[in-house]
Amino acid sequence: MANVLKLIRKRNLLLISHSRKHPLYSVQTFPKSTLGAEIKDAESLSKLNDNEEKQHKLDLTFGNAEEAFRSKKTSELVRALFVFNLCSVEFLVKNNTEILKWSRRLLGKTLFTTLMKGTFYGHFVAGEDQIAIRPLVSRNQQFGVKSILDYSVEEDLSSKQAKEAEAKGCVPENQPPLEELDPEQQRFAAHEEFLDRRENVVSARTYFYDDEAKCDENMNIFLQCVDAVSGSTKSTGFVAIKLTALGRPQFLLQLSELLVITRKLFEKFAGEGDILLKKFRQEEFQKTLDVMGVPISRDQTKRWFSILDISQDGEVDLWDWDNLLEENLQLCKLLIVPNKETGIPEQMMEGLTEEEDEQLKNMLKRLNTIVEYAKEKDVRVMVDAEQTYFQPAISRIVIEMMRKFNKDKAIVFNTYQTYLKASLTNLKVDLDLSRRENFQFGAKLVRGAYMEQERERAASVGYEDPINADYNATTDMYHACLEEVFYQINQRPLGQIAVMVASHNEDTVRFAVEGMDRHDIKKSDRLICFGQLLGMCDQISFPLGQAGYSVYKYVPYGPVEEVLPYLSRRAMENKGILKKVQKEKSLLWKELKRRVKAGQLRYNPLENSTVG
């Protein structure tokens, strides 16, 4: 399995100058969107004049209804109230999938499409294609809110189909029966009861592996999203992608297992303490190998230690240790441990079959193609986080992409889920690596999407629950990560770190804004930006944008019937955060009443634009 990291760290694989000429990528031309032609000049869309700055000082209570909905037509306020009220009806939310399908059959395609555009689809989705989304993207930008475009078509698979697809994509040919695996191996293996990764997840899209052609199709969709973002603004925009869409997820499981095992080995050699400060000397290396029962001579120990000690200072730290995963180092092959039952020494990792090796290369090529194309178009790539059994591999691959593409500008962004106990440590390690290797660091901070599923899986399989104890602990972790980011920004040259605070939580957004003030981080520097979903928490997004902060809406688009799974999740998510929706409903009513009293029922947002 060391082959996995060898392929990732191998420069001649990542520097694939010919990758878009590869037979896999026969689709080479992605027509440039004309969306930018309908948007005002970037300068006028990104700066507030002095008078407007004074008029739109940020209200950190996020209770100013007029500011929140300045960009909305009155009909859109009424629609939002209708949708949020429906999301408060438990029966409708619980059975929304069946109700949508029944409505489609009863009304027919045309009437059903009209109904959806006037309700859920119209509220949560920007339009069917790049042409249809132009008015919304343009209008939002005139009110200081930019877009992260996402083609939100999802396969409507049954649970049985999803499980079959996951088994196909996650179980290697040579995997032994689960009962023969130790607990750590079981953590990174596919389990029957958790094959449908959509269960207990309402806020994240799930991709299932079909074949290599489907992965190519997903890659081309992401490339078209890059075009859509590039055409929407002259300033740098974002496209969001998931790595499980680009290849067989089995490799993410195997790579994650390898990374976790090697990190634990480092901790065995280096002992307890802050991982950024941990290190060990040759004699400690030899002693630990002896305790582990690894049959290695002192001469071999000396030779391997000298290879690991990249800095040649007589000590191996975490960054030296990570080089054991380089192509020219194969310590993982050397390190063998006694079988618990037979006592016979055996290698810790298995290799890949020839077919698997080719599939892994294809996954990495697809990601490289997307990022390379995005860089050409001046678009940033935000790689979403996924389940913890995939995440170590995803984060490592994203860091490799940062090494390559983030030399002059943060093009690639990793995602950190702060409901994880290890999130602050992981963030610190990656930040420190970017400092040591002098590449720009890009990150999105989120709370996380898989809590219930992760807890249930940990309890069932038998490994430590990776999730923080409760919501307050997650908030504390989120804020600790933000403090680390603020500190690191002030320790480095301007522009070396770019972070998105992706949160619907008012306290967290308020903490971030106040933290920027405390650490003298200017909003005009665009080092910290904010993100929320389209159709949710406008009382946060638009006041931030109108006050001059960098703000993005995550903007889904796609044909009505093909985004129904997305709409179903949005309905479930709104039910799950009813308290927040309740405040938004109250503000919607307040603004609607204000317009009635002021005689502004025919209110025109474009006449009240705050930017330009």
Side-chain angles (χ1 to χ4, degrees), residues 30-40 45 69 71-80 82-84 100 103-104 107 109-156 205 218 220-233 237-241 377 379 382 531-538 541-542 545 551-571 573-574 604-606 609:
F30 302 93
K32 183 174 178 63
S33 170
T34 59
L35 180 55
E38 299 195 1
I39 303 178
K40 296 180 180 180
L45 293 176
F69 307 114
S71 67
K72 299 290 188 291
K73 302 173 184 176
T74 303
S75 61
E76 291 171 327
L77 301 185
V78 174
R79 182 181 65 193
F82 178 73
V83 169
F84 285 146
L100 286 173
S103 300
R104 167 65 176 84
L107 299 174
K109 181 177 179 179
T110 301
L111 189 55
F112 177 75
T113 298
T114 301
L115 176 64
M116 293 304 295
K117 286 184 176 181
T119 54
F120 288 95
Y121 179 93
H123 185 71
F124 292 116
V125 183
E128 296 196 79
D129 52 37
Q130 294 182 34
I131 305 296
I133 67 176
R134 292 174 181 174
L136 178 67
V137 172
S138 175
R139 195 201 323 168
N140 283 354
Q141 198 162 8
Q142 291 182 60
F143 289 85
V145 176
K146 294 164 282 188
S147 298
I148 305 170
L149 298 187
D150 176 54
Y151 189 67
S152 295
V153 170
E154 301 181 23
E155 288 186 279
D156 189 13
R205 185 193 318 185
N218 290 336
N220 288 332
I221 288 172
F222 290 142
L223 289 168
Q224 290 164 16
C225 286
V226 170
D227 277 329
V229 173
S230 176
S232 70
T233 175
F238 281 99
V239 61
I241 70 170
K377 296 289 187 177
V379 172
M382 189 173 284
Q532 289 84 38
L533 291 167
L534 181 71
M536 297 176 68
C537 294
D538 285 349
S541 306
F542 287 93
V551 185
Y552 291 84
K553 278 290 193 185
Y554 193 95
V555 177
Y557 69 98
V560 173
E561 296 194 27
E562 295 179 52
V563 299
L564 292 183
Y566 173 84
L567 291 173
S568 176
R569 288 193 287 105
R570 288 287 73 81
E573 187 169 10
N574 273 292
N604 184 352
L606 297 182
S609 173

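Sequence positions, counted from 1, serve as the residue numbers for this chain.
Distance alone, capped at 3.5 Å, is enough to place a donor-acceptor pair between the R139 side chain and the S71 backbone. Not one N or O on the side chain of K117 forms a donor-acceptor pair closer than 3.5 Å with the backbone of G127. Between the S75 side chain and the K73 main chain, no donor and acceptor come within less than 3.5 Å of each other. Without hydrogens or angle criteria, S138 side chain to R134 main chain gives no donor-acceptor distance under 3.5 Å. Side-chain atoms of R79 come within 3.5 Å of backbone atoms of G122 as a donor-acceptor pair (strictly under, hydrogens ignored).
When all heavy atoms of V379 and F238 are compared, the closest pair comes out as CG1-C, 4.2 Å. Closest approach of I133 to A126, counting heavy atoms only: CG2-CB, 3.6 Å. Closest non-hydrogen pair, V125 versus G558, comes out as CG1-N, 4.3 Å. For the residue pair L567 and F124, the shortest heavy atom distance occurs at CD2-CB, 3.9 Å. Taking all atoms of both residues into account, the shortest heavy-atom contact from V239 to C225 is CG2-CB, 3.5 Å. Taking every heavy atom of both residues into account, D150 and A240 meet most closely at OD1-O, 4.2 Å.
In this structure, OG1 on T113 lies 7.0 Å from CD on E128, to the nearest 0.5 angstrom. If you take CD1 on I241 and CD1 on I221, they are separated by 12.5 Å, rounding to the nearest 0.5 Å. Between atom CZ of residue F82 and atom CZ of residue F120 there is a gap of 7.0 Å, rounded to the nearest 0.5 Å. A distance of 11.5 Å separates OH of Y552 from CG of L149, quoted to the nearest 0.5 Å. With rounding to the nearest 0.5 Å, the separation of NZ in K553 from CD in Q141 is 14.5 Å. Interatomic distance, NZ of K146 versus OG of S541, reported as 12.5 Å (0.5 Å rounding).
The distance between the ring centers of H123 and F84 falls below 6.0 angstrom.
Under the 4.5 Å side-chain criterion, counting only non-hydrogen atoms from C-beta, K109 is in contact with R104. Side-chain contact between M116 and L100 is present, with at least one heavy-atom pair separated by less than 4.5 Å. Side-chain contact between L115 and L111 is absent, with no heavy atoms from C-beta onward closer than 4.5 Å. Counting heavy atoms from C-beta outward, Y121 and L564 have side chains that stay 4.5 Å or more apart. Within the 4.5 Å cutoff, the side chain of D538 has heavy atoms near those of the K72 side chain. A 4.5 Å side-chain heavy-atom check between P559 and V153 finds at least one atom pair inside the cut-off. Side-chain contact between V551 and Q532 is present, with heavy atoms from C-beta onward closer than 4.5 Å.
Scored by the ring-ring contact (aromatic ring centres under 6.0 Å, His included) test, Y557 finds Y151 as partners (sequence neighbours excluded).
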